[in-house]
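Notes follow the structure.
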Amino acid sequence: MTQIIKVQKGTKDILPQDIAVWHKMEEAALEIFTRAGYKEIRTPIFEATELFQRGVGDTTDIVNKEMYTFEKSERSLTLRPENTAGVVRSYIENGMHRLSAPVKLWYKGPMFRYERPQAGRQRQFHQVGVEMFGIEDSSADAEVILLALNYLKKLGLPNLSVELNTLGCTNCRKEFRALLIETLRPHYDKLCDDCKARFEKNPLRLLDCKVDSCKEIFALPEVQRVIQADYTCPGCSMHFEQLKSYLDNLGVNYTVNKLLVRGLDYYNRTVFEIKSENLGSQNAVCGGGRYDTLVSKLGGEPTPAIGWAMGMERLAALLPEIKDDKLDIYIVSGNKLEAIKLAERFRALNYNVDFDMAGKKFAKQLEKAAKTAHFAIILGEDEINGEYLTLKNLETAAQIQFPLENLSDFEARTYKFISTNSSEWLQSKHSMLMSGFAI
RNA sequence: GCGGGAUUCGCCAAGUGGUUAAGGCCCCGGAUUGUGGUUCCGGUAUACAUGGGUUCGAAUCCCAUAUCCCGCCCCA
């Protein structure tokens with residue numbers, strides 16, 4: 001037998017029985033973001049490799065070891081590992097800086113990172129996210145965080161914790177950076193390879209290195225003194241204080257986590273995460289922050305910006321399973337042509353309708369109807385000859401007949417029957433008799 | 001990249017060295033050729049992850065590989 005081809009490591013099929021929760025997340029995104037003035041943008045799944053090297057940062061794990069990169073016609077292309085860089089590219093390329101600020105965009109779609117899969121982490125996963133361009137004031141930070149919480153609330157996940165920190169700006173970090181490099185330089189030889197590589201380019205990232213020998217160095221008193229010092233400049237401190245004030249006044253609960261340093265190079269000032277206790281070790285459901293220098297770094301006009309992304313698989317893991325919706329109507333008939341014609345007529349009236357194509361016997365068709373639909377329409381020889389249909393309520397087993405010629409008032413005239421349950425059946429039967437139908 | 005656990009039909013699952021590898025669900029059919037969801041009967045499927053090894057004999061013991069799960073790292 002021919003070898004079957006399996007789904008690739010770290011990727012998953014989203015099967016029909018699981019799709020409802022995805023529709024829910026997507027519909028909630030469209031509704032909540034649209035209501036807040038955000039427009040959806042869809043950018044390509046692959047971009048120039050250089051976009052991510054310059055955008056996400058070439059000292060990050062994402063760029064260094066997690067990208068799916070390939071060559072085509074002497075171009076280096078990469079499957080997007082995240083979508084902020086792509087959205088910023090599109091913002092610049094399409095001259096969106098000329099639109100009146102703020103420009104508010106949202107997106108959803110698959111992302112790709114070559115990592116070891118585990119709970120809450122796949123190689124192809126999905127993110128939904130927002131980006132806001134053009135506002136430096138911390139009201140933008142507050143609105144964006146509030147938007148994330150509103151989205152989670154819409155999904156029925158209101159009890160998640162918000163963690164907040166500020167990274168300062170390039171100016172106020174300059175001094176700290178220089179000081180840190182000088183303090184660590186005597187210990188350079190003892191650092192791990194990752195830290196050595198980041199030493200000049202991005203020394204701040206050394207601080208959350210988990211290698212024991214590095215941690216020992218960072219624990220030295222002279223190093224700790226530098227780390228613990230508050231280095232944020234007055235402008236950045238003010239920005240952070242204002243954000244906290246906005247959040248306090250908006251009734252948003254949060255905790256400040258000084259150790260929250262995100263692994264993407266483009267962040268400055270505000271960074272935040274939203275976490276759940278129910279996700280195991282990959283507990284961040286949402287991560288984001290401000291990236292005021294990214295637009296200019298990618299060749300655009302200097303434009304302040306802020307955004308976040310949520311992992312949709314992680315969201316889905318927190319949401320209850322949703323049962324498949326049943327069909328409205330399953331047509332039971334031995335005559336496929338008449339069944340198709342009738343299905344088409346009911347579909348045009350916005351009913352979800354299916355019928356048997358497998359040529360099953362009457363009893364088997366009805367069995368299938370009972371499993372998959374709320375109502376059966378029986379369209380056998382008697383009905384076709386008599387030009388009527390038999391509508392059967394599959395919960396109550398009650399049946400009525402209805403003329404085939406004109407379905408336009410079907411819903412109005414069968415409303416009582418359709419909405420009834422068995423205890424109301426007598427009443428509905430009475431009203432059916434009054435409106436002239438045979439029972 | 002580094003640790004730990006797991007893998008028996010589409011799904012769940014018994015079996016821990018000895019004839020043809022239980023059972024349940026799902027699916028299909030019959031009893032009942034125009035009235036279902038209950039019941040009874042029957043059917044389908046190269047199911048012991050893959051490749052080696054030990055043994056008279058392996059789903060069962062050993063080794064390797066793959067995949068999944070749980071951590072580390074990192075991130076959503």
Side-chain angles (χ1 to χ4, degrees), chain A residues 1-4 6-12 15 17 56 59-66 80-84 108-129 148 192-194 205 208-212 214 260-264 267 271-276 279-289 307-318 326 330 332-335 356 358-385 390-399:
Chain A
M1 183 176 142
T2 310
Q3 188 77 39
I4 62 163
K6 293 198 197 146
V7 72
Q8 289 302 291
K9 182 174 180 172
T11 68
K12 275 199 173 100
L15 296 169
Q17 61 264 34
V56 178
T59 62
T60 60
D61 284 355
I62 289 177
V63 168
N64 279 322
K65 47 188 196 188
E66 296 176 4
R80 61 185 187 194
E82 56 95 60
N83 207 28
T84 297
K108 62 173 160 53
M111 309 294 160
F112 305 85
R113 293 182 197 173
Y114 186 79
E115 294 184 271
R116 181 82 173 260
Q118 72 185 68
R121 170 183 299 158
Q122 293 170 214
R123 290 180 173 178
Q124 175 176 338
F125 62 103
H126 297 78
Q127 288 187 331
V128 56
C192 70
D193 291 345
D194 276 351
R205 292 273 293 126
D208 56 15
C209 180
K210 302 298 189 294
V211 176
D212 284 341
C214 294
L260 181 60
V261 184
R262 299 182 49 71
L264 284 73
Y267 288 120
V271 291
F272 61 93
E273 287 186 356
I274 300 175
K275 294 181 176 177
S276 164
L279 279 175
S281 67
Q282 312 307 323
N283 59 359
V285 98
C286 173
W308 51 254
M310 294 195 194
M312 296 178 81
E313 279 79 2
R314 291 183 189 178
L315 281 180
L318 294 173
K326 281 188 170 181
Y330 192 90
V332 172
S333 178
N335 185 325
D356 176 67
K360 288 188 220 260
K361 290 177 180 168
F362 183 88
K364 292 296 172 187
Q365 288 193 32
L366 201 57
E367 187 180 333
K368 170 108 174 177
K371 280 180 188 164
T372 59
H374 295 292
F375 295 89
I377 283 177
I378 296 164
L379 187 67
E381 278 178 38
D382 294 350
E383 282 85 355
I384 293 170
N385 292 335
T390 300
L391 178 68
K392 182 182 182 78
N393 182 325
L394 290 162
E395 264 174 56
T396 63
Q399 300 188 179

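As the structure is a computational prediction, the values presented were derived from the model and not from experiment. Numbered from 1 within each chain, the chains take letters A, B, ... in sequence-line order. For the numbers below, each heavy atom of this structure counts, side chains included, while hydrogens, waters and symmetry mates do not.
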Give [X] one of three labels, base, sugar-phosphate or nothing, depending on what nucleic acid heavy atoms sit under 4.0 Å from its own.
X	value
A:Lys371	sugar-phosphate
A:Lys275	nothing
A:Ala119	sugar-phosphate
A:Gly334	nothing
A:Leu315	nothing
A:Gln122	base
A:Glu82	nothing

Give the rounded distance in Å between these two atoms: [atom1] of [X] and [atom2] of [N].
X	N	atom1	atom2	value
A:Asp356	B:U35	CG	P	17 Å
A:Phe362	B:U33	CZ	P	12 Å
A:Lys65	B:G1	NZ	P	10 Å
A:Lys6	B:U7	NZ	P	15 Å
A:Glu383	B:G34	CD	C1'	8 Å
A:Glu367	B:G34	CD	P	13 Å
A:Asp61	B:C72	CG	C1'	13 Å
A:Phe125	B:C74	CZ	C1'	11 Å

**Report entry** Separation between CG of A:Asp61 and CD of A:Glu115, rounded to the nearest 0.5 Å
**Finding:** 8.5 Å
When the [atom1] atoms of [N] and [M] are considered, how many whole Å apart are they?
N	M	atom1	value
B:A49	B:U67	C1'	8 Å
B:G17	B:C56	C1'	12 Å
B:U44	B:G5	P	40 Å
B:A21	B:G57	C1'	16 Å
B:A6	B:A22	P	25 Å
B:U20	B:G1	P	43 Å
B:C62	B:U54	P	15 Å
B:U60	B:G15	C1'	9 Å

Kindly indicate whether the side chain of [X] and the base of [N] share any N or O donor-acceptor pair separated by less than 3.5 Å?
X	N	value
A:Lys392	B:U35	yes
A:Arg116	B:C74	no
A:Glu115	B:G1	no
A:Gln399	B:U35	yes

[N] pairs with, by Watson-Crick or G-U criteria that keep both distances under 3.5 Å:
N	result
B:G23	B:C12
B:A66	B:U7
B:G1	B:C72
B:U55	none
B:U35	none

Report task. Check step by step if side-chain contact (heavy atoms from CB on, under 4.5 Å) holds for A:His126 and A:Lys108. Result -> CA-CA 7 Å; A:His126 297 78; A:Lys108 62 173 160 53; over 6 Å; no
Side-chain N,O ([X]) to OP1/OP2 ([N]) below 4.0 Å:
X	N	result
A:Lys9	B:U67	yes
A:Lys364	B:U35	no
A:Lys12	B:C69	yes

Query raised in the report: Quick one: on RNA chain B, does A:Val7 or A:Gln127 contact a more 5' nucleotide (nearest heavy atom)?
Result: A:Val7
Requested in this report: Let me know, please, whether A:Arg113 or A:Glu381 comes out on the 5' side of the other along RNA chain B by nearest nucleotide.
Outcome: A:Glu381
Query raised in the report: Is the CD atom of A:Gln17 crowded by more than 12 outside heavy atoms at less than 6.0 Å?
Result: yes
Starting the side chain at C-beta, find the nucleotide from [options] nearest to [X].
X	options	value
A:Lys360	B:U35, B:C28, B:C73	B:C28
A:Leu366	B:G34, B:C73, B:U35	B:U35
A:Ala397	B:G71, B:G36, B:G34	B:G36

**Report entry** Test side-chain contact (heavy atoms from CB on, under 4.5 Å) applied to A:Tyr114 and A:Arg123, step by step
**Finding:** CA-CA 5 Å; A:Tyr114 186 79; A:Arg123 290 180 173 178; 3.3 Å; yes
Output yes when a side-chain donor or acceptor of [X] lies under 3.5 Å from a complementary backbone atom of [Y], and no otherwise.
X	Y	value
A:Glu82	A:Met111	no
A:Arg314	A:Val285	no
A:Thr372	A:Lys368	yes

**Report entry** No-hydrogen, no-angle side-chain donor-acceptor test under 3.5 Å, A:Thr390 and A:Gln399
**Finding:** no
